[in-house]
Amino acid sequence: MESVADLKALLGDCILTAADVTGRRRERIKTRFNEHRRHLLATLDPAGPVRRLSGWQRLLDEVDLVVKGWR
């Protein structure tokens, strides 16, 4: 996943594939991409499988550095 150039486009394609709809319903889902993405992020378990992604770990490390700099 981390080597994919356009993750938003990939996520959009995955959402459309998972919806398994065509025509107007497909277009409606496509236009609601930001809402679907927001829902996925809101329900993401930060202690779950995402922790195995090196990009996620780098993000956590960088946040830790910033917080330590505030002290």
Side-chain angles (χ1 to χ4, degrees):
M1 291 297 284
E2 295 177 329
S3 64
V4 175
D6 190 354
L7 283 174
K8 282 186 183 178
L10 177 61
L11 178 59
D13 291 343
C14 290
I15 289 171
L16 288 173
T17 300
D20 194 29
V21 293
T22 59
R24 289 183 186 162
R25 287 184 180 176
R26 183 177 181 86
E27 287 305 310
R28 193 174 327 131
I29 288 172
K30 196 172 184 179
T31 59
R32 293 174 57 198
F33 170 76
N34 286 330
E35 182 180 329
H36 293 293
R37 183 181 62 172
R38 194 171 21 258
H39 174 74
L40 286 170
L41 290 173
T43 59
L44 178 69
D45 178 9
V50 72
R51 291 186 72 98
R52 293 190 300 242
L53 296 174
S54 62
W56 181 260
Q57 195 57 53
R58 279 193 311 274
L59 172 65
L60 294 179
D61 293 344
E62 289 177 21
V63 169
D64 283 343
L65 284 174
V66 169
V67 170
K68 286 177 185 174
W70 291 344
R71 295 179 185 166

Short N-O contact, R24 and E27, less than 4.0 angstrom:
no
Are the side chains of I29 and I15 in touch, meaning some heavy atoms are under 4.5 Å apart?
yes
Does a side-chain heavy-atom distance below 4.5 Å link L44 with W56?
yes
A quick test of your reading: do over 12 heavy atoms of other residues, nucleotides or ligands sit less than 6.0 Å from CZ of R37?
yes
Do E35 and H39 make a side-chain contact, defined as non-hydrogen atoms from C-beta onward lying under 4.5 Å apart?
no
Working to the nearest 0.5 angstrom, can you tell me the gap between L41 CG and N34 CG?
10.5 Å
Mind checking whether F33 and L16 have side chains closer than 4.5 Å, heavy atoms only?
no
One should read off an interatomic distance between D61 CG and S54 OG, to the nearest 0.5 angstrom, of 10.5 Å
Quick check: is W70 connected to L65 through a chain of hydrophobic side chains (ILVMFWY, heavy atoms under 4.5 Å apart)?
no
K30 side, atom NZ; H36 side, atom NE2 - distance, nearest 0.5 Å:
13.0 Å
Point-to-point distance, once rounded to the nearest 0.5 Å, from CG of L59 to CG of L53
11.0 Å
